[in-house]
Amino acid sequence: MGIISWIVLGLLAGIIAKFLMPGKDPGGCIVTPLIGIAGGLLGGWLGKVIFGVDSIDGFFEISTWIAAIVGSLILLAVYRLVVRVKD
């Protein structure tokens with residue numbers, strides 16, 4: 001996949017992760033896509049290391065989307081633990 005595909009995939013994975021894990025996040029609409037991009041990379045890496053599969057096959061492959069969304073959810077959870085929101 002090209003760099004533009006990675007960015008688009010990360011943006012969409014970040015939005016989906018935010019939808020699946022709603023709540024207040026510091027950083028808002030700027031941090032969420034960045035978490036999505038990093039989450040896509042993390043998900044692909046974890047899929048390769050833990051399961052021994054190439055989970056990043058192509059933009060329209062379901063394994064690519066699942067890996068990116070799971071990676072984004074992990075990073076979003078870690079981000080919320082590290083940066084607490086004051087009410």
Side-chain angles (χ1 to χ4, degrees):
M1 287 187 350
I3 190 72
I4 301 298
S5 297
W6 276 107
I7 293 171
V8 171
L9 176 69
L11 293 172
L12 295 174
I15 291 168
I16 293 169
K18 177 69 175 165
F19 178 75
L20 293 174
M21 193 181 223
K24 272 191 160 180
D25 291 322
C29 63
I30 295 174
V31 173
T32 301
L34 295 176
I35 288 175
I37 293 168
L41 296 172
L42 174 68
W45 180 76
L46 286 175
K48 188 173 285 193
V49 170
I50 294 173
F51 300 112
V53 297
D54 188 18
S55 56
I56 306 296
D57 294 329
F59 188 81
F60 294 107
E61 296 291 326
I62 190 71
S63 61
T64 302
W65 284 92
I66 291 172
I69 293 168
V70 168
S72 297
L73 286 169
I74 291 169
L75 287 182
L76 186 59
V78 169
Y79 180 71
R80 286 183 180 178
L81 288 174
V82 171
V83 181
R84 297 282 177 163
V85 177
K86 294 182 181 179
D87 291 327

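Model, not experiment: these values are computed from the prediction.
- Nearest heavy atom pair, residue R80 against residue M21, reads NH2-O, 2.5 Å.
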When the side chains of residues 67-75 are checked against the rest of the protein, which donor-acceptor pairs come out under 3.5 Å, sequence neighbours left out?
{"unit_1": "S72", "atom_1": "OG", "unit_2": "G36", "atom_2": "O", "d": "3.4"}
{"unit_1": "S72", "atom_1": "OG", "unit_2": "A68", "atom_2": "O", "d": "2.8"}

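- In terms of hydrophobic clustering, with Ile, Leu, Val, Met, Phe, Trp and Tyr side chains grouped at heavy-atom distances under 4.5 Å, I15 and L34 are assigned to different clusters.
- Taking hydrophobic clusters as Ile, Leu, Val, Met, Phe, Trp and Tyr residues chained together by side-chain heavy-atom distances below 4.5 Å, I35 shares a cluster with V82.
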